[in-house]
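Heads up: the structure comes next, in C-alpha coordinates.
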There are 2 protein chains.
Amino acid sequence: MALEHALLVSLSERPASGLELTRRFDASIGYFWTASHQQIYRVLGRMETDGWVTCTVVAQQGRPAKKVYEVADPGRAELERWLAAPTAPDPLRSEVMVKFRGASYGDRAAVLDQARERLADHRTRLAHYDRLAERDFPEPAGLRGRELDLYLVLRGGQRLEHFWIDWLTEYLTAHEENR
Amino acid sequence: MALEHALLVSLSERPASGLELTRRFDASIGYFWTASHQQIYRVLGRMETDGWVTCTVVAQQGRPAKKVYEVADPGRAELERWLAAPTAPDPLRSEVMVKFRGASYGDRAAVLDQARERLADHRTRLAHYDRLAERDFPEPAGLRGRELDLYLVLRGGQRLEHFWIDWLTEYLTAHEENR
DNA sequence: TGGAGCATGTAAGGAGTTACATGATTGA
DNA sequence: TCAATCATGTAACTCCTTACATGCTCCA
(Lines give C-alpha, C1' and ligand atoms only; values in the text may rest on other atoms or scores of the structure.)
Protein backbone atom coordinates (compact mmCIF):
# COMPACT_ATOMS: atom_id res chain seq x y z
CA MET A 1 0.00 0.00 0.00
CA ALA A 2 2.98 2.30 0.34
CA LEU A 3 5.26 1.65 -2.59
CA GLU A 4 3.35 4.47 -4.27
CA HIS A 5 4.34 6.77 -1.45
CA ALA A 6 7.95 5.64 -1.38
CA LEU A 7 8.08 6.45 -5.11
CA LEU A 8 6.47 9.84 -4.52
CA VAL A 9 9.12 10.64 -1.90
CA SER A 10 11.94 9.53 -4.17
CA LEU A 11 10.57 11.41 -7.19
CA SER A 12 10.06 14.52 -5.05
CA GLU A 13 13.76 14.47 -4.25
CA ARG A 14 14.57 14.21 -7.97
CA PRO A 15 12.64 13.11 -11.09
CA ALA A 16 13.79 9.75 -12.44
CA SER A 17 13.10 6.91 -14.87
CA GLY A 18 11.96 3.46 -13.81
CA LEU A 19 15.42 1.99 -13.96
CA GLU A 20 16.94 4.87 -12.02
CA LEU A 21 14.31 4.36 -9.32
CA THR A 22 15.11 0.66 -9.28
CA ARG A 23 18.75 1.49 -8.65
CA ARG A 24 17.82 3.88 -5.86
CA PHE A 25 15.76 1.15 -4.22
CA ASP A 26 18.67 -1.26 -4.58
CA ALA A 27 21.01 1.24 -2.97
CA SER A 28 20.11 4.07 -0.63
CA ILE A 29 16.38 3.56 -0.24
CA GLY A 30 16.89 -0.18 0.10
CA TYR A 31 17.55 0.05 3.80
CA PHE A 32 13.92 0.82 4.49
CA TRP A 33 12.03 -0.33 1.40
CA THR A 34 12.70 -2.97 -1.23
CA ALA A 35 11.06 -3.22 -4.66
CA SER A 36 11.78 -5.01 -7.91
CA HIS A 37 11.86 -3.23 -11.24
CA GLN A 38 8.73 -5.06 -12.42
CA GLN A 39 6.76 -3.74 -9.53
CA ILE A 40 8.12 -0.23 -9.90
CA TYR A 41 7.17 -0.09 -13.59
CA ARG A 42 3.68 -1.32 -12.89
CA VAL A 43 3.08 1.13 -10.07
CA LEU A 44 4.54 4.00 -12.10
CA GLY A 45 2.06 3.16 -14.86
CA ARG A 46 -0.84 3.24 -12.42
CA MET A 47 0.37 6.49 -10.89
CA GLU A 48 0.55 8.09 -14.31
CA THR A 49 -3.01 6.91 -15.08
CA ASP A 50 -4.15 8.43 -11.80
CA GLY A 51 -2.41 11.70 -12.60
CA TRP A 52 -0.04 11.54 -9.65
CA VAL A 53 3.02 11.78 -11.90
CA THR A 54 3.75 13.05 -15.40
CA CYS A 55 6.05 11.31 -17.83
CA THR A 56 8.49 12.82 -20.35
CA VAL A 57 10.42 10.77 -22.88
CA VAL A 58 14.04 11.88 -22.80
CA ALA A 59 16.42 10.94 -25.64
CA GLN A 60 19.95 10.03 -24.64
CA GLN A 61 23.10 9.79 -26.70
CA GLY A 62 24.56 6.31 -26.86
CA ARG A 63 21.63 4.85 -24.93
CA PRO A 64 17.97 4.04 -25.47
CA ALA A 65 15.52 6.80 -24.61
CA LYS A 66 14.11 6.76 -21.09
CA LYS A 67 10.82 7.86 -19.56
CA VAL A 68 11.44 10.37 -16.82
CA TYR A 69 8.68 10.72 -14.23
CA GLU A 70 8.05 13.68 -11.97
CA VAL A 71 5.45 14.37 -9.32
CA ALA A 72 2.34 16.29 -10.39
CA ASP A 73 0.02 18.33 -8.16
CA PRO A 74 -2.40 15.46 -7.35
CA GLY A 75 0.65 13.37 -6.40
CA ARG A 76 1.91 16.11 -4.11
CA ALA A 77 -1.53 16.35 -2.51
CA GLU A 78 -1.68 12.59 -2.01
CA LEU A 79 1.80 12.58 -0.46
CA GLU A 80 0.76 15.30 1.98
CA ARG A 81 -2.42 13.43 2.87
CA TRP A 82 -0.53 10.21 3.48
CA LEU A 83 2.20 11.88 5.54
CA ALA A 84 -0.40 13.31 7.92
CA ALA A 85 -2.44 10.07 8.19
CA PRO A 86 -1.83 7.72 11.15
CA THR A 87 0.89 5.11 10.67
CA ALA A 88 0.28 1.45 11.49
CA PRO A 89 3.12 -0.45 13.15
CA ASP A 90 5.43 -1.96 10.56
CA PRO A 91 4.47 -5.64 10.30
CA LEU A 92 7.47 -7.85 10.98
CA ARG A 93 8.24 -11.05 9.09
CA SER A 94 11.63 -12.51 9.86
CA GLU A 95 12.46 -15.87 8.35
CA VAL A 96 15.67 -15.94 10.35
CA MET A 97 13.81 -15.65 13.64
CA VAL A 98 11.45 -18.47 12.67
CA LYS A 99 14.43 -20.68 11.86
CA PHE A 100 16.11 -19.86 15.15
CA ARG A 101 13.00 -20.70 17.08
CA GLY A 102 12.62 -23.99 15.20
CA ALA A 103 16.31 -24.98 15.10
CA SER A 104 15.80 -27.95 17.43
CA TYR A 105 13.52 -29.63 14.86
CA GLY A 106 16.30 -29.87 12.28
CA ASP A 107 20.05 -29.68 11.72
CA ARG A 108 21.24 -27.13 14.26
CA ALA A 109 24.71 -26.87 12.72
CA ALA A 110 23.17 -25.80 9.40
CA VAL A 111 21.11 -23.12 11.17
CA LEU A 112 24.23 -21.81 12.91
CA ASP A 113 25.97 -21.62 9.53
CA GLN A 114 23.13 -19.50 8.24
CA ALA A 115 23.43 -17.26 11.28
CA ARG A 116 27.10 -16.73 10.43
CA GLU A 117 26.19 -15.86 6.87
CA ARG A 118 23.54 -13.36 7.99
CA LEU A 119 26.09 -11.85 10.35
CA ALA A 120 28.66 -11.36 7.59
CA ASP A 121 25.98 -9.87 5.38
CA HIS A 122 24.85 -7.35 7.99
CA ARG A 123 28.46 -6.36 8.70
CA THR A 124 28.95 -5.65 5.00
CA ARG A 125 25.86 -3.53 4.88
CA LEU A 126 26.81 -1.61 8.01
CA ALA A 127 30.23 -0.87 6.51
CA HIS A 128 28.45 0.44 3.41
CA TYR A 129 26.18 2.71 5.47
CA ASP A 130 29.17 3.93 7.48
CA ARG A 131 30.88 4.92 4.24
CA LEU A 132 27.76 6.74 3.08
CA ALA A 133 27.52 8.59 6.40
CA GLU A 134 31.14 9.68 6.30
CA ARG A 135 30.89 10.78 2.69
CA ASP A 136 27.54 12.59 2.82
CA PHE A 137 27.30 13.79 6.41
CA PRO A 138 30.82 14.41 7.73
CA GLU A 139 29.49 16.99 10.19
CA PRO A 140 25.96 16.05 11.24
CA ALA A 141 25.74 18.60 14.07
CA GLY A 142 24.52 21.50 11.94
CA LEU A 143 22.01 19.63 9.75
CA ARG A 144 18.44 20.85 9.35
CA GLY A 145 15.27 20.16 7.38
CA ARG A 146 15.53 17.74 4.48
CA GLU A 147 19.24 17.06 5.03
CA LEU A 148 18.58 16.20 8.66
CA ASP A 149 15.82 13.78 7.56
CA LEU A 150 18.15 11.98 5.18
CA TYR A 151 20.82 11.75 7.86
CA LEU A 152 18.45 10.45 10.53
CA VAL A 153 17.04 7.76 8.26
CA LEU A 154 20.58 6.66 7.42
CA ARG A 155 21.21 6.55 11.19
CA GLY A 156 18.18 4.26 11.42
CA GLY A 157 19.75 1.98 8.83
CA GLN A 158 22.99 1.89 10.79
CA ARG A 159 21.18 1.22 14.06
CA LEU A 160 19.18 -1.59 12.47
CA GLU A 161 22.33 -3.28 11.21
CA HIS A 162 23.80 -2.91 14.71
CA PHE A 163 20.72 -4.64 16.10
CA TRP A 164 21.22 -7.59 13.78
CA ILE A 165 24.95 -7.82 14.41
CA ASP A 166 24.57 -7.65 18.19
CA TRP A 167 21.74 -10.15 18.30
CA LEU A 168 23.29 -12.66 15.88
CA THR A 169 26.52 -12.44 17.86
CA GLU A 170 24.65 -13.13 21.09
CA TYR A 171 22.89 -16.04 19.41
CA LEU A 172 26.09 -17.59 18.08
CA THR A 173 27.99 -17.05 21.32
CA ALA A 174 25.26 -18.64 23.41
CA HIS A 175 25.14 -21.70 21.19
CA GLU A 176 28.90 -22.07 20.82
CA GLU A 177 29.29 -22.02 24.60
CA ASN A 178 26.77 -24.84 24.87
CA ARG A 179 28.28 -27.29 22.45
CA MET B 1 6.65 -18.50 1.37
CA ALA B 2 7.31 -19.10 5.05
CA LEU B 3 4.02 -18.89 6.90
CA GLU B 4 3.85 -22.64 6.31
CA HIS B 5 7.13 -23.05 8.11
CA ALA B 6 6.22 -20.75 10.96
CA LEU B 7 3.09 -22.88 11.43
CA LEU B 8 5.15 -26.08 11.32
CA VAL B 9 7.42 -24.72 14.05
CA SER B 10 4.50 -23.67 16.21
CA LEU B 11 2.65 -26.98 15.72
CA SER B 12 5.85 -28.89 16.48
CA GLU B 13 5.98 -27.17 19.85
CA ARG B 14 2.37 -28.17 20.51
CA PRO B 15 -0.60 -29.22 18.32
CA ALA B 16 -3.27 -26.53 18.04
CA SER B 17 -6.45 -25.40 16.31
CA GLY B 18 -6.60 -22.49 13.87
CA LEU B 19 -7.83 -20.06 16.48
CA GLU B 20 -5.20 -21.14 18.99
CA LEU B 21 -2.52 -20.58 16.35
CA THR B 22 -4.00 -17.17 15.61
CA ARG B 23 -3.67 -16.27 19.28
CA ARG B 24 -0.07 -17.47 19.34
CA PHE B 25 0.70 -15.28 16.35
CA ASP B 26 -0.98 -12.34 18.07
CA ALA B 27 1.10 -12.92 21.19
CA SER B 28 4.46 -14.67 21.47
CA ILE B 29 5.19 -15.46 17.83
CA GLY B 30 3.97 -12.01 16.82
CA TYR B 31 7.34 -10.45 17.52
CA PHE B 32 8.83 -12.12 14.48
CA TRP B 33 5.88 -13.11 12.30
CA THR B 34 2.37 -11.73 11.88
CA ALA B 35 -0.59 -13.52 10.32
CA SER B 36 -4.35 -13.08 10.29
CA HIS B 37 -6.74 -15.91 11.10
CA GLN B 38 -8.02 -15.97 7.52
CA GLN B 39 -4.58 -16.62 6.20
CA ILE B 40 -3.82 -19.22 8.85
CA TYR B 41 -7.00 -21.19 8.07
CA ARG B 42 -6.26 -21.13 4.36
CA VAL B 43 -2.67 -22.27 4.77
CA LEU B 44 -3.69 -24.97 7.27
CA GLY B 45 -6.12 -26.30 4.68
CA ARG B 46 -3.41 -26.43 2.04
CA MET B 47 -0.98 -28.09 4.42
CA GLU B 48 -3.55 -30.75 5.25
CA THR B 49 -4.13 -31.37 1.53
CA ASP B 50 -0.39 -31.73 1.06
CA GLY B 51 -0.17 -34.18 3.95
CA TRP B 52 2.11 -31.96 6.06
CA VAL B 53 -0.34 -31.97 8.97
CA THR B 54 -3.17 -34.17 10.17
CA CYS B 55 -6.39 -32.88 11.60
CA THR B 56 -8.52 -34.25 14.45
CA VAL B 57 -11.90 -32.86 15.42
CA VAL B 58 -11.99 -32.46 19.19
CA ALA B 59 -15.32 -31.96 20.98
CA GLN B 60 -15.31 -29.53 23.89
CA GLN B 61 -17.79 -29.00 26.68
CA GLY B 62 -19.44 -25.62 26.65
CA ARG B 63 -17.75 -24.69 23.38
CA PRO B 64 -17.98 -25.56 19.69
CA ALA B 65 -15.76 -28.39 18.52
CA LYS B 66 -12.34 -27.44 17.21
CA LYS B 67 -10.01 -28.92 14.62
CA VAL B 68 -6.66 -29.70 16.16
CA TYR B 69 -3.74 -29.94 13.76
CA GLU B 70 -0.48 -31.74 14.35
CA VAL B 71 2.63 -32.19 12.23
CA ALA B 72 2.84 -35.38 10.14
CA ASP B 73 6.00 -37.01 8.81
CA PRO B 74 6.04 -35.19 5.45
CA GLY B 75 5.67 -31.93 7.40
CA ARG B 76 8.59 -32.83 9.64
CA ALA B 77 10.67 -33.66 6.56
CA GLU B 78 9.74 -30.36 4.93
CA LEU B 79 10.61 -28.45 8.10
CA GLU B 80 14.02 -30.13 8.22
CA ARG B 81 14.64 -29.38 4.56
CA TRP B 82 13.70 -25.73 5.00
CA LEU B 83 15.76 -25.30 8.16
CA ALA B 84 18.89 -26.49 6.33
CA ALA B 85 18.25 -24.43 3.16
CA PRO B 86 19.99 -21.04 2.75
CA THR B 87 18.15 -18.05 4.21
CA ALA B 88 17.61 -14.89 2.17
CA PRO B 89 17.98 -11.58 4.00
CA ASP B 90 14.68 -10.50 5.54
CA PRO B 91 13.22 -7.90 3.17
CA LEU B 92 12.53 -4.66 5.01
CA ARG B 93 9.50 -2.47 4.44
CA SER B 94 9.13 0.32 6.93
CA GLU B 95 6.37 2.82 6.32
CA VAL B 96 7.68 4.90 9.22
CA MET B 97 11.10 5.28 7.61
CA VAL B 98 9.53 6.36 4.32
CA LYS B 99 7.50 9.00 6.15
CA PHE B 100 10.55 10.27 7.99
CA ARG B 101 12.50 10.58 4.79
CA GLY B 102 9.61 12.43 3.14
CA ALA B 103 8.59 14.60 6.10
CA SER B 104 9.70 17.82 4.42
CA TYR B 105 7.08 17.34 1.69
CA GLY B 106 4.19 17.56 4.13
CA ASP B 107 3.16 18.56 7.65
CA ARG B 108 6.24 17.89 9.76
CA ALA B 109 4.39 18.35 13.05
CA ALA B 110 2.00 15.55 12.08
CA VAL B 111 4.92 13.25 11.28
CA LEU B 112 6.51 14.03 14.65
CA ASP B 113 3.22 13.15 16.34
CA GLN B 114 3.27 9.80 14.60
CA ALA B 115 6.84 9.26 15.77
CA ARG B 116 5.69 9.84 19.35
CA GLU B 117 2.88 7.35 18.90
CA ARG B 118 5.25 4.72 17.47
CA LEU B 119 7.59 5.37 20.39
CA ALA B 120 4.85 4.79 22.96
CA ASP B 121 3.79 1.65 21.14
CA HIS B 122 7.29 0.18 21.10
CA ARG B 123 7.75 0.99 24.79
CA THR B 124 4.56 -0.91 25.58
CA ARG B 125 5.75 -3.89 23.60
CA LEU B 126 9.15 -3.87 25.22
CA ALA B 127 7.53 -3.82 28.66
CA HIS B 128 5.48 -6.84 27.60
CA TYR B 129 8.55 -8.74 26.42
CA ASP B 130 10.37 -7.83 29.62
CA ARG B 131 7.53 -9.33 31.62
CA LEU B 132 7.63 -12.49 29.50
CA ALA B 133 11.39 -12.78 30.00
CA GLU B 134 11.14 -12.39 33.76
CA ARG B 135 8.28 -14.86 34.01
CA ASP B 136 9.59 -17.57 31.66
CA PHE B 137 13.37 -17.20 31.92
CA PRO B 138 14.26 -15.89 35.38
CA GLU B 139 17.68 -17.53 35.17
CA PRO B 140 18.85 -17.63 31.56
CA ALA B 141 22.42 -18.71 32.36
CA GLY B 142 21.75 -22.45 32.40
CA LEU B 143 19.44 -22.71 29.37
CA ARG B 144 20.08 -25.22 26.60
CA GLY B 145 18.52 -26.60 23.44
CA ARG B 146 14.91 -25.67 22.74
CA GLU B 147 14.59 -23.51 25.86
CA LEU B 148 17.69 -21.56 24.87
CA ASP B 149 16.21 -21.00 21.40
CA LEU B 150 12.99 -19.60 22.82
CA TYR B 151 14.94 -17.34 25.14
CA LEU B 152 17.27 -16.03 22.43
CA VAL B 153 14.41 -15.24 20.08
CA LEU B 154 12.69 -13.34 22.87
CA ARG B 155 15.98 -11.49 23.38
CA GLY B 156 15.81 -10.62 19.67
CA GLY B 157 12.34 -9.17 20.21
CA GLN B 158 13.59 -7.09 23.11
CA ARG B 159 16.61 -5.89 21.17
CA LEU B 160 14.43 -4.94 18.21
CA GLU B 161 12.16 -2.84 20.42
CA HIS B 162 15.26 -1.20 21.87
CA PHE B 163 16.37 -0.36 18.37
CA TRP B 164 13.07 1.38 17.64
CA ILE B 165 12.98 3.21 20.96
CA ASP B 166 16.55 4.46 20.63
CA TRP B 167 16.16 5.53 17.04
CA LEU B 168 12.78 7.21 17.46
CA THR B 169 14.17 9.04 20.48
CA GLU B 170 17.16 10.23 18.45
CA TYR B 171 14.82 11.33 15.69
CA LEU B 172 12.52 13.28 18.00
CA THR B 173 15.39 14.85 19.93
CA ALA B 174 17.14 16.00 16.76
CA HIS B 175 13.98 17.61 15.43
CA GLU B 176 12.93 19.16 18.72
CA GLU B 177 16.34 20.81 19.07
CA ASN B 178 15.95 22.34 15.64
CA ARG B 179 12.57 23.96 16.04
C1' DT C 1 28.54 -10.34 -35.27
C1' DG C 2 27.80 -11.03 -30.90
C1' DG C 3 27.87 -10.17 -26.03
C1' DA C 4 27.16 -6.70 -22.31
C1' DG C 5 24.59 -3.15 -20.49
C1' DC C 6 20.59 0.02 -20.84
C1' DA C 7 15.72 0.38 -20.75
C1' DT C 8 10.94 -1.10 -20.49
C1' DG C 9 7.71 -4.14 -20.11
C1' DT C 10 3.99 -8.79 -19.80
C1' DA C 11 2.11 -13.03 -17.68
C1' DA C 12 1.19 -16.13 -14.13
C1' DG C 13 0.79 -17.17 -9.69
C1' DG C 14 1.51 -16.96 -4.73
C1' DA C 15 1.10 -14.14 -0.44
C1' DG C 16 -1.52 -11.18 2.30
C1' DT C 17 -5.51 -7.96 3.48
C1' DT C 18 -10.28 -6.56 3.97
C1' DA C 19 -14.86 -7.49 4.30
C1' DC C 20 -18.32 -10.57 4.96
C1' DA C 21 -20.69 -15.00 6.57
C1' DT C 22 -22.09 -18.81 9.60
C1' DG C 23 -23.20 -21.41 13.61
C1' DA C 24 -22.66 -22.95 18.39
C1' DT C 25 -22.82 -21.97 23.48
C1' DT C 26 -22.79 -19.27 27.60
C1' DG C 27 -24.42 -15.88 30.69
C1' DA C 28 -26.85 -11.54 31.63
C1' DT D 1 -33.82 -13.66 24.14
C1' DC D 2 -29.91 -11.25 23.01
C1' DA D 3 -25.12 -9.95 23.18
C1' DA D 4 -20.52 -11.83 23.61
C1' DT D 5 -17.24 -15.28 22.80
C1' DC D 6 -15.59 -19.31 20.49
C1' DA D 7 -14.69 -21.34 16.20
C1' DT D 8 -14.25 -21.78 11.21
C1' DG D 9 -14.52 -20.29 7.04
C1' DT D 10 -15.44 -17.71 1.73
C1' DA D 11 -14.84 -14.03 -1.69
C1' DA D 12 -12.68 -10.37 -3.70
C1' DC D 13 -8.98 -7.82 -4.08
C1' DT D 14 -4.28 -5.85 -3.79
C1' DC D 15 0.59 -6.62 -3.34
C1' DC D 16 4.66 -8.87 -4.59
C1' DT D 17 7.65 -12.38 -6.81
C1' DT D 18 9.35 -15.23 -10.56
C1' DA D 19 10.04 -16.02 -15.09
C1' DC D 20 10.02 -14.52 -19.52
C1' DA D 21 10.19 -11.06 -23.52
C1' DT D 22 11.70 -7.18 -26.36
C1' DG D 23 14.59 -3.78 -28.48
C1' DC D 24 18.34 -0.47 -28.52
C1' DT D 25 23.44 0.83 -28.54
C1' DC D 26 28.14 0.32 -27.78
C1' DC D 27 32.43 -2.00 -28.11
C1' DA D 28 35.54 -5.92 -28.73
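Chain letters run A, B, ... following the sequence lines, proteins first, then strands; residues in each count from 1.
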Where the side chain of B/Tyr41 is concerned, which of D/dG23, D/dT8, C/dG16 is the nearest nucleotide? D/dT8
Using whole Å, report how far CD1 of B/Ile40 lies from P of C/dT17. 10 Å
Can you tell me if A/Glu95 and B/His5 form a side-chain donor-acceptor pair at under 3.5 Å? no
Report the residues that fulfil side chain to side chain donor-acceptor pair (under 3.5 Å) with B/Arg42, sequence neighbours left out, ordered by chain and then residue number. none
If only side-chain N and O atoms of A/Ser17 are considered, is one of them under 4.0 Å from the OP1 or OP2 phosphate oxygen of C/dT8? yes
In whole angstrom, what separates A/Gln60's CD from C/dG5's C1'? 12 Å
Contacts table for residues 47-64 of chain A: side-chain donor-acceptor under 3.5 angstrom, sequence neighbours left out:
from, atom 1, to, atom 2, distance (Å)
A/Thr49, OG1, A/Gly45, O, 3.0
A/Gln60, NE2, A/Pro64, O, 2.6

CG of A/Leu7 versus P of D/dC16: gap in Å, rounded? 11 Å
Separation of D/dT22 atom C1' from A/Lys67 atom NZ, nearest Å, is 14 Å
Using 30° and 60° as the class limits, which term best fits the ring planes of B/Trp167 and B/Phe100: parallel, tilted or perpendicular? tilted
Check the phosphate of C/dA11 against A/Gln38, side-chain N and O only, distance under 4.0 Å to OP1 or OP2. Yes or no? no
Send over the distance from B/Gln39 CD to D/dT10 C1', rounded to a whole Å. 15 Å
Check whether any side-chain nitrogen or oxygen of B/Arg23 sits under 4.0 Å from OP1 or OP2 of D/dA7, and answer yes or no. yes
Using heavy-atom distances to pick each residue's nearest nucleotide on DNA chain D, tell me which of B/Arg63 and A/Ala35 is more 5'. B/Arg63
To the nearest Å, how far apart are A/Leu92 CG and C/dG16 P? 13 Å
B/Glu95 CD - C/dG16 P separation (whole Å): 17 Å
Closest nucleotide of DNA chain C for A/Arg42 versus for B/Arg42: which of these residues is on the 5' side? A/Arg42
By nearest heavy atom, map B/His37 and B/Pro64 onto DNA chain D; which one lands nearer the 5' end? B/Pro64
Per atom distances to the B/Lys66 side chain, the nearest of D/dT8, C/dT17, C/dG9 is D/dT8
Kindly give the heavy-atom pair with the smallest separation between B/Leu83 and A/Gly102, and that separation in Å. CD1-O, 3.4 Å
Let me know the distance between CG of B/Asp26 and P of D/dT5, rounded to the nearest Å. 15 Å
